[in-house]
Amino acid sequence: MNHPLLTQVIEALPDPVAVFDTQLNLVTVNSAFSEESCRHLGYALKAGDSLRQLADLHPNLAMQSMSHWQAALSGHRVAFELSYGQPPLRYQISCSPLYNEQKEVFQVMMVIRNVQAETEVRENERFFRSVLENLPVGLQEFTPEGWHRNMNEAQKSILGDDHASNTGPYNVFDDPFNRRNGLTALLDEVKQHKEPVKREMLLKYTEVQDDNVTRIQPMYYEVTGFPVLDLQGDIECLFIILSEITEKKLAVLSLEKSERLLHTIVENLPVGYIQFDHFGFIRRVNQTQRKLFASTGLEEQPDSNLIQDPFARLFELDQLFLEVLQRGKMLRLEKKLEFQVHTGAGKIDREIFLDLTMFPVEDPVDKDQIVVALVNDITEKKRQELENTKNQESLVQTGEIGKIGGWELDMASRHLRWSGQTYKIHELPPYATMSLEKSLSFLEEESRGRVEQAMTACMNRGKAFDLQVTIQTARNNTLQARIIGKPEYRNGRIVRIYGVIQDVTEQFRIRNQLTRNAELMRLFFDTIDMGYAVMDKDGKVNFINRKAQEIVDHGKVIGRNIFEVFPSLVGSTFHARVRQCIDAQAPVSFSNFLPQLDKWYEFLLAPMQDGSISIFTRNITDSKKMQRELRKANDQLSSLNKFLVNQNKQLEDFAHITSHNLRAPIANLKALMQIMNESDNEQEQEMYKGMFQEVIRNIDETLNDLIEIVQIRKDLNVERETLAFADRLQKVKDILLVDMETSGIRLTADFGEAPHIDYPRIYLDSILQNLLTNAIKYRSHDRRPSLHLQSRAVDGGIMLTAEDNGMGIDMERYGAKLFGFRKTFHKNKDAKGIGLFITKTQIEAMGGSIHAESQLGAGTKFIITFRPE
């Protein structure tokens with residue numbers, strides 16, 4: 001039986017509802033059920049019909065539903081979904097058992113709800129979620145106020161696991177980094193215009209391994225921000241899309257850099273550069289060409305046409321352009337231009353020479369043929385060539401006048417070549433066949449031996465020569481000649497020997513006349529207030545004036561070997577300079593101290609044509625005294641230089657310390673980050689976060705220590721003042737009163753010999769405090785700790801010693817590291833290894849030094865030397 005109230009309730013429901021008994025006969029159905037069954041089955045199910053009819057008409061539907069109906073008849077509430085109809089629609093069917101007064105199932109109520117729309121929504125949501133999650137770009141959603149809502153995996157990868165949006169509430173507008181990189185401004189523009197905005201941004205940096213070097217590379221992204229509007233046109237949410245364009249951006253930047261570099265190269269070419277399009281219009285001119293235009297009185301016309309330009313047509317430049325463009329080949333030639341330049345003084349004739357190179361180039365974008373012209377102003381070169389031609393003619397005339405000829409010997413072919421003047425000197429017809437052996441045959445026997453020896457030395461050792469020889473000409477005339485020879489090298493090997501030969505017969509005659517005038521020369525040189533002597537290359541003195549004789553003060557030296565008269569000169573500076581003057585055939589000046597006279601003399605040695613050496617000398621003792629004063633000033637500069645070298649060494653040490661002490665904790669951070677990312681356990685992740693805090697604390701502590709050290713080394717001009725050791729020690733005792741009372745240390749001091757020091761107060765207090773703190777920290781537990789301080793005056797400075805009876809240090813093992821940064825040598829929980837390093841830095845910053853003497857178990861003695869200001 002069916003209750004009337006239940007029938008009314010069922011009829012009021014919008015979804016199809018049916019009640020059937022245990023035999024699957026329909027007891028009650030609402031109109032919605034009848035309409036739905038009619039639409040799908042072709043007829044309306046009504047009360048009294050059996051659901052078993054479906055097994056015959058719609059076996060698939062019955063098979064999907066029968067087990068669930070049976071479960072409901074057994075007293076279970078069942079809900080299931082199935083697809084039915086054409087096209088198939090998704091339905092959710094709920095079967096609920098109804099109980100009688102005996103609590104037995106006597107009927108089942110079936111509610112059918114069309115869930116096709118909901119299913120499509122869920123599937124669409126899953127589809128779009130899958131699409132968004134698998135997009136190759138980052139996607140992130142924000143509220144209109146900028147609070148983070150959601151993001152896909154690509155965005156998480158871009159931001160990184162440590163980004164604030166992964167750990168808690170995050171507002172994109174409050175992030176200062178976004179204000180710097182422009183993301184905040186982009187979203188503000190999106191909110192203002194309610195339209196998408198796209199920008200290229202540098203959002204982060206990443207580490208890139210290049211062989212064994214880690215490089216920091218910028219990461220560029222194309223950022224698109226867009227709003228989602230509601231029905232009223234208000235912003236419902238904000239989205240950003242990040243697409244990495246690093247490779248593209250770096251390529252663009254590289255291209256721009258290359259373009260700037262190419263522009264700079266072209267602009268600074270030492271030759272003129274003109275670029276024409278295929279119509280002949282000038283498209284580009286560099287500064288060298290602009291200067292050339294200016295020098296010719298022409299004004300640069302960027303849009304002028306070469307073919308129509310009267311200046312270009314006058315000098316046939318238009319034909320060259322067309323020839324290059326049509327043939328597609330490079331053309332190079334020299335062009336002489338003659339024209340008039342209008343100036344304020346009137347017209348001036350000008351003549352310039354150009355080295356012109358024109359070649360075609362294909363425009364990589366438009367594929368049009370363009371022509372580039374390289375214009376080199378060679379006017380000066382041409383003028384120089386003309387000048388050289390004139391000079392060559394002048395040299396030939398000079399050679400004839402001075403009776404100077406040239407010669408060269410090719411080392412590979414042994415071919416000897418003479419100039420025309422050389423043939424004239426030997427009284428031979430020009431350009432007769434000549435060889436080295438034949439040329440030597442014109443030399444007198446003694447001269448031939450010297451020339452052969454000189455040629456051999458030049459060939460084997462590259463030694464130049466300059467000889468005076470006697471020649472018997474082809475017409476049996478005897479003359480005196482000077483032969484000069486030099487080697488020429490190529491790739492480290494002698495390829496030829498070349499030189500000149502001069503007829504000096506007339507000069508030889510003149511020398512005889514000069515001999516007669518030697519006495520007059522002596523009278524002249526005796527009157528000058530400077531020592532003068534002439535010595536041959538073997539050391540024999542040929543002339544000496546009165547002033548030089550007074551300096552030598554050794555009887556008669558003319559005609560004697562100076563090195564035999566004064567054996568002490570052998571191997572001396574004077575001897576070495578004489579050899580230098582002879583070998584180089586060039587003047588040599590130097591100064592030398594003569595112990596016998598206790599005076600300084602300045603010498604000038606000058607080679608003479610006959611191989612002798614002129615010696616000039618003067619007393620410079622007073623000048624040397626002045627130099628000693630200058631040397632003192634130089635020594636002070638040297639001390640300053642040593643100080644700067646020490647400062648540079650300290651900077652190198654600091655760089656090493658920074659690299660060494662920051663690398664390890666940073667490596668720990670990276671390792672902890674990797675471990676935490678690989679862990680799914682929340683407790684382990686919390687433990688690793690605690691480790692992060694400890695590592696970061698250590699890094700912060702290290703940086704603070706390094707900053708303090710840098711400040712010490714930087715502040716070299718810290719103010720000094722006169723301080724009493726006793727007063728400053730009392731100040732330190734007041735500060736460390738509790739530590740001294742707790743440790744029971746016995747502190748003694750003896751400042752009687754050097755009670756005061758000029759030193760920065762803050763440095764002296766720090767040094768004394770570190771010495772006392774070390775004695776307390778590293779005290780021996782077998783005896784009462786003690787520390788004795790003593791100051792003494794040493795070598796104009798002050799030495800302070802601090803001797804304790806503590807645990808001591810194994811100097812063989814740790815001596816080299818005692819004053820190192822964060823170096824500890826005992827298992828003391830309060831030891832940081834920074835005190836002695838700061839103390840050493842403070843002392844060395846003021847120019848002093850510190851070292852230690854210690855034995856394990858027998859205490860430590862620190863010795864500090866303070867440099868006077």
Side-chain angles (χ1 to χ4, degrees), residues 384-490 494-514 537 582-586 607-612:
Q384 189 64 44
E385 288 178 356
L386 295 174
E387 188 69 25
N388 290 341
T389 302
K390 293 179 181 178
N391 291 339
Q392 187 66 32
E393 295 175 355
S394 177
L395 286 174
V396 172
Q397 296 175 359
T398 301
E400 292 179 353
I401 295 172
K403 298 181 180 180
I404 300 174
W407 61 272
E408 67 173 1
L409 175 65
D410 186 277
M411 294 299 294
S413 64
R414 294 288 174 154
H415 175 69
L416 179 67
R417 188 172 70 87
W418 279 2
S419 70
Q421 186 61 33
T422 304
Y423 282 101
K424 288 183 179 181
I425 292 173
H426 288 78
E427 296 183 323
L428 285 170
Y431 309 112
T433 303
M434 185 54 57
S435 65
L436 179 60
E437 291 75 14
K438 185 176 180 180
S439 69
L440 293 174
S441 67
F442 290 97
L443 297 172
E444 180 264 341
E445 185 177 353
E446 187 273 338
S447 298
R448 184 188 306 130
R450 289 190 290 116
V451 171
E452 288 177 344
Q453 184 178 2
M455 288 290 290
T456 302
C458 188
M459 292 176 183
N460 297 336
R461 303 194 302 275
K463 184 178 180 181
F465 59 88
D466 185 348
L467 303 174
Q468 182 173 315
V469 297
T470 302
I471 292 178
Q472 194 78 20
T473 70
R475 296 181 181 178
N476 291 323
N477 292 318
T478 301
L479 54 85
Q480 300 295 318
R482 181 185 181 190
I483 300 177
I484 300 175
K486 292 183 178 181
E488 179 180 311
Y489 289 86
R490 188 175 301 159
I494 299 176
V495 295
R496 72 170 183 143
I497 298 175
Y498 67 100
V500 296
I501 181 171
Q502 181 183 14
D503 182 356
V504 294
T505 305
E506 188 65 28
Q507 293 90 320
F508 191 78
R509 294 193 186 101
I510 294 174
R511 183 184 300 174
N512 293 330
Q513 181 65 36
L514 290 175
K537 62 182 180 179
I582 295 173
D583 294 340
Q585 284 296 296
M608 302 173 66
Q609 286 188 355
D610 62 352
S612 301

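As the structure is a prediction and not an experimental result, all values here were calculated from the model.
At least one side-chain heavy atom of Ile404 sits less than 4.5 Å from a side-chain heavy atom of Gln502. Looking only at side-chain heavy atoms (C-beta outward), Phe465 and Ile483 come within less than 4.5 Å of each other. Side chains of Asp466 and Arg482 form a contact here, defined as non-hydrogen atoms less than 4.5 Å apart. Using a 4.5 Å heavy-atom cutoff, the side chains of Leu409 and Met455 are in contact.
Looking at Thr505, its side chain never comes within 3.5 Å of a backbone N or O of Leu479 through a donor-acceptor pair. Judged by distance alone, with hydrogens and angles left aside, the side-chain atoms of Thr470 form no donor-acceptor pair with the main-chain N or O of Gln480 at under 3.5 Å.
Shown here are the ring pair (Phe, Tyr, Trp, His ring centres under 6.0 Å) partners of Trp418, two or more places apart in sequence or in another chain: Tyr423, His426. Shown here are the side chain to side chain donor-acceptor pair (under 3.5 Å) partners of Arg450, two or more places apart in sequence or in another chain: Glu446. The side chain to side chain donor-acceptor pair (under 3.5 Å) check on Glu506 picks up Arg509, with sequence neighbours excluded.
Note that OG of Ser441 is 7.0 Å distant from CZ of Arg448, once rounded to the nearest 0.5 Å. To the nearest 0.5 Å, atom CG of residue Leu436 and atom CZ of residue Arg414 are 7.5 Å apart. Residue Glu445 holds its CD atom at 13.0 Å from CG of Leu440, rounded to the nearest 0.5 Å. With rounding to the nearest 0.5 angstrom, the OG1 atom of Thr422 is 9.5 Å from the CZ atom of Arg417. Taking CD1 of Ile484 as the reference point, atom CD of Gln585 lies at 9.5 Å (rounded to 0.5 Å).
Of the N and O atoms on the side chains of Asn477 and Glu427, at least one donor lies less than 3.5 Å from an acceptor on the other residue. There is a side-chain donor-acceptor pair under 3.5 Å between Gln472 and Thr478.
Looking at every heavy atom in both residues, Ser439 comes nearest to Met434 through N-SD, 3.8 Å. Counting all heavy atoms, side chain and backbone alike, Ile501 lies closest to Ala481 at CG1-CB, 4.2 Å. Minimum interatomic distance between Trp407 and Leu416 (heavy atoms only, all atoms of both residues): CE3-CD1, 4.2 Å. Nearest heavy-atom pair across Leu467 and Ala454 is CD1-CB, 3.7 Å. The minimum heavy-atom distance linking Arg496 with Tyr498 is given by the pair NH1-CB, 3.7 Å. Between Gly462 and Ile494, the shortest heavy-atom distance links the atoms CA-CD1, 3.7 Å.
Annotation for Gln609: atom CD does not count as buried by contact number, only 12 or fewer foreign heavy atoms lying within 6.0 Å.
A salt bridge is absent between Lys486 and Glu488; no separation between the charged side-chain nitrogens and carboxylate oxygens falls under 4.0 Å.
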(message) Evaluate Asp610 against Gln468 for side-chain contact (heavy atoms from CB on, under 4.5 Å), listing each step before the verdict.
(response) CA-CA 8 Å; Asp610 62 352; Gln468 182 173 315; 5.7 Å; no
(message) Between Ile471 and Leu443, is the side-chain contact (heavy atoms from CB on, under 4.5 Å) condition met? List the steps.
(response) CA-CA 5 Å; Ile471 292 178; Leu443 297 172; 3.8 Å; yes
